[in-house]
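Just below is one structure, and these are the notes that go with it.
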There are 2 protein chains.
Amino acid sequence: MQNNGKRCMTSPDKLDLIFKALSDQTRRALLKRLSDKPASISELALPLAMSLPAASKHIKVLERANLVSCQKLGRVHYCKIKPKALSDIDRWLGFYRSFWEDKLDHLEAFVSEEKK
Amino acid sequence: MQNNGKRCMTSPDKLDLIFKALSDQTRRALLKRLSDKPASISELALPLAMSLPAASKHIKVLERANLVSCQKLGRVHYCKIKPKALSDIDRWLGFYRSFWEDKLDHLEAFVSEEKK
DNA sequence: GCAATACTAAACCAGTTAGTTTACAATATA
DNA sequence: TATATTGTAAACTAACTGGTTTAGTATTGC
């Protein structure tokens with residue numbers, strides 16, 4: 001065995017954290033909810049069919065990905081979306097954008113070729 | 001305990017698979033490599049500092065996310081990128097795009113307010 | 001026909017994740 | 001001051017992940 005089955009420990013970069021945070025339906029739902037307006041953890045957990053600690057952990061994942069920020073006022077934690085982090089994955093996607101647009105062009109070309 | 005600690009088993013949707021596939025640096029590197037031109041599994045594995053089976057599994061994750069397709073010719077598996085799947089996350093992002101652009105507008109407004 | 005090549009499959013392993021429950025701390029309110 | 005509210009922390013669990021190794025299956029080429 002080369003490394004005893006251990007994972008490669010290069011620390012996860014920003015995109016890892018963002019993509020991973022977004023890879024869960026619950027967390028995407030939280031984000032959508034917060035895109036409407038800020039909310040407390042309890043408010044966020046309420047429609048979620050899971051315990052408060054579970055919801056709280058999801059929020060923490062979103063915080064680590066820099067997609068959400070929370071502020072404690074009294075005993076309530078107010079969370080709000082930080083949409084700017086999403087522009088990071090938009091920029092990543094940018095490299096491929098022309099790519100799938102080209103693909104669509106090719107498909108159109110193919111289709112119009114078929115018509116003849 | 002409500003469900004004995006088991007995960008919620010709602011089957012992962014398309015976005016789950018795509019975001020999860022992209023949440024790993026190795027797989028993003030594979031995708032970038034394939035954006036240049038198609039390649040065999042061995043060719044893909046070569047610069048990757050991991051065993052062939054490991055690379056093969058990464059490719060499978062990308063295939064399940066519909067980001068890559070592979071075709072076996074003889075004993076060689078040729079893989080190519082399927083950029084169209086990326087348009088799915090572009091569309092998801094679309095909902096939030098105006099959002100972070102607004103945010104930037106607000107920042108600009110703030111900055112020009114400061115100048116006065 | 002036999003050896004090399006290009007994989008896949010299966011079994012294993014350690015670390016992570018997503019949930020739970022119970023317990024606690026801090027704050028608000030009656 | 002006592003009680004209810006809002007959360008976090010810690011310990012636990014099952015499943016998942018990302019890697020390994022060893023073995024096996026096709027296919028190619030000498």
Side-chain angles (χ1 to χ4, degrees), chain A residues 1-13 16-31 38-65 68-80, chain B residues 1-13 16-31 38-65 68-80:
Chain A
M1 226 185 251
Q2 280 175 25
N3 75 347
N4 231 13
K6 257 172 242 154
R7 284 194 194 191
C8 179
M9 272 308 164
T10 57
S11 70
D13 68 10
D16 284 29
L17 293 176
I18 298 178
F19 278 127
K20 185 153 288 190
L22 295 177
S23 73
D24 182 286
Q25 279 178 301
T26 300
R27 286 190 294 260
R28 291 200 303 280
L30 287 170
L31 217 54
S40 71
I41 308 272
S42 303
E43 284 167 350
L44 292 172
L46 205 56
L48 241 49
M50 66 179 63
S51 66
L52 190 59
S56 174
K57 284 191 202 175
H58 279 301
I59 296 290
K60 282 208 169 12
V61 173
L62 290 168
E63 273 190 286
R64 258 186 294 132
V68 159
S69 72
C70 299
Q71 186 185 7
K72 189 176 170 186
L73 290 180
R75 60 187 166 181
V76 179
H77 292 62
Y78 292 101
C79 308
K80 62 180 178 186
Chain B
M1 231 185 249
Q2 280 176 28
N3 73 348
N4 229 17
K6 257 173 245 158
R7 284 195 194 191
C8 179
M9 274 306 163
T10 56
S11 70
D13 70 9
D16 284 29
L17 293 176
I18 298 178
F19 278 127
K20 185 152 288 189
L22 295 177
S23 73
D24 182 286
Q25 280 178 299
T26 300
R27 287 190 293 262
R28 291 200 303 279
L30 286 172
L31 217 54
S40 71
I41 308 272
S42 303
E43 285 166 350
L44 292 172
L46 206 54
L48 240 50
M50 64 179 62
S51 67
L52 191 60
S56 175
K57 283 192 204 173
H58 279 302
I59 295 290
K60 283 212 168 10
V61 174
L62 290 168
E63 273 190 284
R64 259 186 293 132
V68 159
S69 73
C70 299
Q71 187 185 4
K72 189 178 169 185
L73 290 181
R75 60 188 164 179
V76 179
H77 292 62
Y78 292 101
C79 308
K80 62 180 178 186

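The chains referred to below are lettered A, B, ... by the order of the sequence lines, with proteins before strands, and numbering in each begins at 1. Computation of the quantities below employed the complete heavy-atom set of this structure, encompassing side-chain atoms and omitting hydrogens, waters and symmetry-equivalent molecules.
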Rounded distance (nearest 0.5 Å) linking atom CD1 of Ile59(A) with atom NE2 of His77(A): 11.0 Å
Nucleotide dA14(D), atom P - distance to CE of Met50(A) in whole Å: 19 Å
Side chain of Ser42(B) - closest among dC7(C), dG7(D), dT17(D): dC7(C)
Touch class at under 4.0 angstrom, heavy-atom based, for Ile41(A) against every strand present: sugar-phosphate
No-H, no-angle donor-acceptor pair, Lys72(A) side chain to dG7(D) base, under 3.5 Å: no
Heavy-atom pair with the smallest gap, counting every atom of Leu22(A) and Phe19(B): O-CD1, 3.3 Å
First encountered from the 5' end of DNA chain C, between Pro53(A) and Asp24(A): Asp24(A)
Length of the NZ-C1' vector between Lys60(A) and dT17(C), whole Å: 16 Å
Gln25(A) CD - dT17(C) P separation (whole Å): 18 Å
Shortest non-hydrogen contact from Asp16(B) toward Ser23(A): CG-O, 3.6 Å
Lys20(B) side chain, from C-beta outward: closest of dT8(C), dT22(C), dT17(D): dT17(D)
Between dT8(D) (P) and Arg64(A) (CZ): distance, integer Å: 13 Å
Rounded interatomic separation in angstrom, taking CG from Leu73(B) and C1' from dT27(D): 12 Å
Whole angstrom value for the distance that separates C1' of dT8(D) from CD1 of Ile59(A): 14 Å
Nearest heavy atoms of Ala65(A) and Ile18(A), plus distance in Å: O-CG1, 3.7 Å
Length of the CG-C1' vector between Asp16(A) and dT16(C), whole Å: 14 Å
Spacing between Leu48(A) atom CG and dG19(C) atom C1', to the nearest angstrom: 12 Å
Selected nucleotide, minimal atom distance to Val76(A) side chain, candidates dT6(D), dT20(C), dA9(D): dT6(D)
Contact nearer the 5' end of DNA chain C, comparing Lys57(A) with Glu43(B): Glu43(B)
Minimum-distance nucleotide (side-chain atoms of Ala54(B) versus dT6(D), dT20(C), dG19(D)): dG19(D)
Reported CG-to-CG distance for the pair Leu17(A) and Leu62(A), which is rounded to 0.5 angstrom: 11.0 Å
Residue-phosphate contact under 4.0 Å: Ser56(A) side-chain N/O, dG7(D) OP1/OP2: no
Nucleotide nearest His58(B) when distance is taken to its side chain, options dT8(D), dT8(C), dG18(D): dG18(D)
Sugar-phosphate only, base, or nothing, as touched by Ser40(A) at under 4.0 Å among non-hydrogen atoms: sugar-phosphate
Any Arg75(B) side-chain nitrogen or oxygen under 4.0 Å from OP1 or OP2 of dA4(C): no
